[in-house]
Amino acid sequence: TAAVKPALDTGSSKLDVTPASPVEGDEVTAKLSLDGGAEAVWKGFKTSIRAAIRQAQKAELDVRWGRENLDAFYDVLADNMHRKGSPIYGRPFMHEMLDAFGEAAEVITLWKDGQPISGALAIAFNDVMYVPFASSRAAYFPLRPNNLLYWNIIERACATGNGGTCSCRDSRASRYG
């Protein structure tokens with residue numbers, strides 16, 4: 001919270017809350033313009049991306065938006081980070097971060113058979129929808145939850161006007177764009 005609050009208070013046009021990488025240069029920031037709305041973005045995707053989103057939709061994953069799902073998302077994130085052998089921020093940090101950003105921060109989770117399988121923390125700031133944390137359980141990768149997760153974030157940003165751009169930072173290249 002100490003690093004987040006001052007940046008918000010200064011009115012800074014740039015704010016990066018992405019965890020620092022342990023190896024310099026192994027992160028990628030992917031930016032996607034949301035000009036023209038969700039329909040234009042959809043039409044701009046490669047056929048393979050649209051097919052992956054449809055595949056996830058057919059898997060009947062339950063999409064839930066709500067801050068009350070932070071603990072469920074954190075469990076997915078922690079599971080994935082432990083699988084990778086990577087350290088993770090503590091649960092209290094994630095709660096503090098959500099509180100510090102207030103209504104600008106949202107949690108999205110995907111559920112299958114009553115279990116959380118994917119999720120993300122999305123933050124709207126200065127006409128950009130940031131996704132500093134996102135994760136899915138490896139056992140569910142064949143259902144393409146990441147594709148559906150990001151598509152729902154893009155749709156939400158377009159519908160709410162909370163982002164002219166969607167910016168994601170990850171340790172591997174994004175397939176969007």
Side-chain angles (χ1 to χ4, degrees), residues 17-19 26-84 86 88 94 98 103-125 127-177:
V17 294
T18 306
D26 77 345
E27 287 191 349
V28 173
T29 300
K31 293 183 180 180
L32 175 67
S33 172
L34 303 180
D35 290 342
E39 185 176 340
V41 173
W42 179 263
K43 289 178 180 177
F45 284 154
K46 295 177 185 176
T47 303
S48 60
I49 298 297
R50 291 192 306 264
I53 294 167
R54 285 188 193 108
Q55 179 183 345
Q57 289 169 332
K58 289 177 185 173
E60 298 181 359
L61 303 179
D62 182 27
V63 179
R64 300 181 190 176
W65 285 92
R67 300 164 75 86
E68 67 276 5
N69 291 312
L70 180 61
D71 287 331
F73 163 61
Y74 185 84
D75 290 343
V76 172
L77 180 64
D79 181 55
N80 198 29
M81 297 302 284
H82 292 144
R83 181 182 61 80
K84 292 178 177 182
S86 298
I88 184 169
M94 298 299 256
L98 198 64
E103 290 188 19
E106 295 188 82
V107 176
I108 177 175
T109 51
L110 302 181
W111 298 68
K112 180 71 176 168
D113 300 326
Q115 298 296 316
I117 66 161
S118 184
L121 174 63
I123 301 169
F125 184 75
D127 205 32
V128 177
M129 181 66 80
Y130 293 93
V131 184
F133 297 98
S135 192
S136 295
R137 295 189 196 275
Y140 293 92
F141 285 173
L143 299 180
R144 312 297 248 173
N146 292 337
N147 295 84
L148 185 60
L149 183 73
Y150 280 101
W151 175 241
N152 275 273
I153 293 168
I154 290 165
E155 282 188 310
R156 180 77 149 221
C158 289
T160 61
N162 283 334
T165 304
C166 188
S167 179
C168 309
R169 191 169 218 184
D170 204 342
S171 58
R172 62 201 178 293
S174 172
R175 294 189 60 196
Y176 291 102

Student: Quick check against the 3.5 Å criterion: does Arg137 have a side-chain atom that pairs as donor or acceptor with the backbone of Asp79?
Tutor: no

Student: What distance separates Asn152 CG from Thr109 OG1, expressed to the nearest 0.5 Å?
Tutor: 10.5 Å

Student: Would you please name every residue forming a side chain to side chain donor-acceptor pair (under 3.5 Å) with Ser135, sequence neighbours left out?
Tutor: Asn80

Student: Please work out which of the three classes, parallel, tilted or perpendicular, describes the rings of Phe125 and Tyr130, given edges at 30° and 60°.
Tutor: tilted

Student: For a quick test of reading the model, state the closest non-hydrogen atom pair linking Met129 to Ala122 and the distance between them.
Tutor: SD-CB, 3.7 Å

Student: My understanding is that only residues two or more places apart in sequence, or in another chain, count here; which of them pass side chain to side chain donor-acceptor pair (under 3.5 Å) with Asp62?
Tutor: Arg64

Student: Could you give the side-chain donor-acceptor pairs of residues 54-61 under 3.5 Å, partners two or more places apart or in another chain?
Tutor:
residue, atom, partner, partner atom, Å
Gln55, NE2, Pro142, O, 2.7

Student: For a quick test of reading the model, state the closest non-hydrogen atom pair linking Arg156 to Glu106 and the distance between them.
Tutor: NH2-OE1, 2.5 Å

Student: Would you say that Val76 contacts Tyr140 through its side chain, given a criterion of any heavy-atom pair below 4.5 Å between the two side chains?
Tutor: no

Student: For Arg83 and Ala138, which heavy atoms make the closest approach, and how far apart are they?
Tutor: NE-CB, 3.5 Å

Student: Between Ile53 and Tyr150, is there a side-chain heavy-atom distance shorter than 4.5 Å?
Tutor: no

Student: How close do Cys158 and Gly37 get, counting heavy atoms only, and between which atoms?
Tutor: SG-C, 3.7 Å

Student: In sequence, state the C-alpha distance, the side-chain angles, and the governing distance for Trp111 and Asn69, and then conclude on side chain to side chain contact (heavy atoms under 4.5 Å, CB included).
Tutor: CA-CA 11 Å; Trp111 298 68; Asn69 291 312; 3.8 Å; yes

Student: In this structure, which one of Ile108, Leu121, Ile153 forms a side chain to side chain contact (heavy atoms under 4.5 Å, CB included) with Val131?
Tutor: Ile153

Student: Working to the nearest 0.5 Å, report the span between CD1 of Ile117 and CG of Leu143.
Tutor: 5.5 Å

Student: Would you check if Ile49 and Trp151 make a side-chain contact, meaning some heavy-atom pair closer than 4.5 Å?
Tutor: no

Student: Report yes if the side chains of Phe141 and Ser136 come closer than 4.5 Å at any heavy-atom pair, otherwise no.
Tutor: yes

Student: Are the side chains of Leu77 and Met81 in touch, meaning some heavy atoms are under 4.5 Å apart?
Tutor: yes

Student: Just how far is it from atom CD1 of Ile154 to atom CG of Leu149, taken to the nearest 0.5 Å?
Tutor: 10.0 Å

